[in-house]
Structure formats: C-alpha cells, structure tokens
Protein chains: 2
Amino acid sequence: MPDTAHDFVIALPHRELLDQILDKWSLSVMNELCERPCRFNELRRSIPAVTQKSLTATLRRLERNGLVERRLLTSRPVAVEYAITPLGKTFRAPVEVLLTWADAHMPEIQQARDTFDDESLGL
Amino acid sequence: MPDTAHDFVIALPHRELLDQILDKWSLSVMNELCERPCRFNELRRSIPAVTQKSLTATLRRLERNGLVERRLLTSRPVAVEYAITPLGKTFRAPVEVLLTWADAHMPEIQQARDTFDDESLGL
DNA sequence: CAGAATCCGTTACGATACTG
DNA sequence: CAGTATCGTAACGGATTCTG
C-alpha cells in the first residue's frame, strides 16, 4: 500500500479537489440537482442567497470536475439545463456521512465553542 | 425525519462548521494529531508547507470547536502540546469516507477535467 | 433566459520581524 | 520553543450593469 495513513499532507490533488467540490455553494447545488435537473434561474430561486456570478462559477467548476452536466436544450429560445451526473451521484453518500456527523455532534461542538469563548473572556 | 432531503441550503450552521474544519490545513493537522500528540514546531515540521501563522490559526479554530486540545506542559521552559480530543477522533471516519471517495474517483475526475479543458480550447 | 463583464470590499494567506 | 504583530498580496464573493 502507498500511504494515506501517515500521509504527510492529505496529498495535494485531494486537497485541491475538496476545495473545488466542498466550497460554499457546491453542496447546495448538487443537493438540488440530485432531486431533478434544473434550469439556471430555477437553481437561483432554490438557493436564494447565491448570486448569479457565484452560481455560474460553481456550476462551471462542478461541470469541469464531471459532477454536473450542462445540457443545451435546442428549443426556442435556447434553454439550458443542469443535471447531476452518475459520478456526481456517487458523491452523495460521503457528503451525507459528513452531514450526519455534523448533525450528531453539533451540540457538543457548540458547547466547546461556548467554553472556549468564555475562557478567552474570563482571562 | 425532518428534512435534509429537500433542505434548501445545507443549513447555515453546518456550512459554517464545515468551513472551519475542512479548510486548507485542518485535515493535515488532525491527521498528524491522530497518530500522536505533537508540539507546535513538531507539527510545523510534519506539514512543511504550512506557515506559522496559518498553523496557529488552524489550531485555535480546531481547539475552539473541540476537536483538538491544547495542553500547557508545566516544564522549564514551558512547552505546549496539542492532542486530538475524543470528539476529534469521531471525525476521522467521515473524513476517511471522503478521501476514499476522492481516491476512487480521481482518475474519472481527471479525465472529466481534461475533456472539459480541451473543449474550451477546441471552440 | 442565461449568462459575461466590471468594480470593489472582505478575507485568507504568506513573508518577515519581534517577544517571553 | 511557541507564539504575536505587521504588512502586502491575491483570491473570493457580492453588487451592478450589460448582452444575445
């Protein structure tokens, strides 16, 4: 086996990949697309806080990494549809594990934060 | 069950938490501390690319969230030791799932990138 | 409708110097 | 040894305007 265990630094390609698909909006976008293909403005409405610019960038990144597919609908006027890819679907499980963990330990974490913040002040 | 499925936006506290513990250096740091408690400069050597400033910030964040513990060793001169907490240990599993996924699909992803980049040029 | 282009402020980060 | 303080840069993201 190569390493992964005592791996010095999470391996740069991994780190870079995570940066691209765990960023601010990617999870929300993929979450939406996992339910159904969506038009651009449909996505905007589903994720009200995202700006058009960020959404575009997010979709491009996800498309480049093969997690999302951009379909040009040859209608009149031309429309665009985004859909999750098979690869994208395989990413759901790891993410759910992550969110489940977050959910389960959020109270514990919140308490750690409170304690930490109190101590910082208390000094 | 509440939602998570048609959840609009990954829930802000979750998003914020992920930002704090999946950031650039946190995984490498926790990876190291999972093997043994470490001194500050020991960590720096283990993760050569991290600057002192970023390492300090990362450790503080992880400490605040209860994933890492800062132990003041009352020796002469005073030393500091960082260790993973029980909570921190529970985070290992989700991360491994994530990295395993990344490992398994990296070739596929790399090919998607190549294709995408080629098409961008080809036009 | 689905963006591209521009401007602009905040934040992240690295490099460097200094401290108890 | 384990930081803090300061500075400069660069990337990120939001707001706004424009376009086929």
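Computed from a predicted model, the values in this text were never measured in an experiment. A, B, ... follow the sequence lines: proteins, then strands. Residue 1 opens every chain.
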Within the 4.5 Å heavy-atom criterion, are [X] and [Y] side-chain neighbours or not?
X	Y	result
B:N31	B:R92	yes
A:V80	A:F40	no
B:R70	B:R60	yes
A:T58	A:V68	no

Starting at [atom1] of [X] and ending at [atom2] of [N], how long is that distance when rounded to a whole Å?
X	N	atom1	atom2	answer
A:D19	D:dC12	CG	P	9 Å
A:L43	C:dG3	CG	P	10 Å
A:L72	D:dG20	CG	P	17 Å
A:F40	D:dG20	CZ	C1'	15 Å
B:E81	D:dG3	CD	P	12 Å
A:L59	C:dC1	CG	P	16 Å
B:N41	D:dG3	CG	P	9 Å
A:R70	C:dA2	CZ	P	10 Å

Shared hydrophobic cluster for A:V29 and A:L87 (ILVMFWY, side-chain gaps under 4.5 Å):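 Cluster IDs for A:V29 and A:L87 match.
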For a quick test of reading the model: is some side-chain N or O of [X] closer than 4.0 Å to OP1 or OP2 of [N]?
X	N	answer
B:R39	D:dA2	yes
A:Y82	C:dC1	no
A:R60	C:dA2	no

Sugar-phosphate, base or nothing in reach of B:R44, heavy atoms under 4.0 Å: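 Here B:R44 touches no strand at all.
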Tabulate protein N/O versus nucleotide N/O from nucleotides 13-15 of chain D, keeping only pairs under 3.5 Å, one per line.
unit_1 : atom_1 : unit_2 : atom_2 : d
D:dG14 : OP1    : A:K24  : NZ     : 3.2
D:dG14 : OP2    : A:S54  : OG     : 2.6
D:dG14 : O6     : A:K53  : NZ     : 2.3

Closest to side chain of A:R45, choosing from C:dC1, C:dG3, D:dA2: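 Shortest atom-to-atom distance from the side chain points to C:dC1.
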Connected hydrophobic set around A:V97, excluding itself, where side chains approach under 4.5 Å: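 Traced through the cluster, A:V97 reaches B:V97.
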Check ion pair B:D117-A:R64 (N to O, under 4.0 angstrom):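 So B:D117 pairs with A:R64 through a salt bridge.
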Polar pair under 3.5 Å, donor/acceptor by atom type, side chain A:Q52, base C:dA4: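 Donor-acceptor pair under 3.5 Å: yes.
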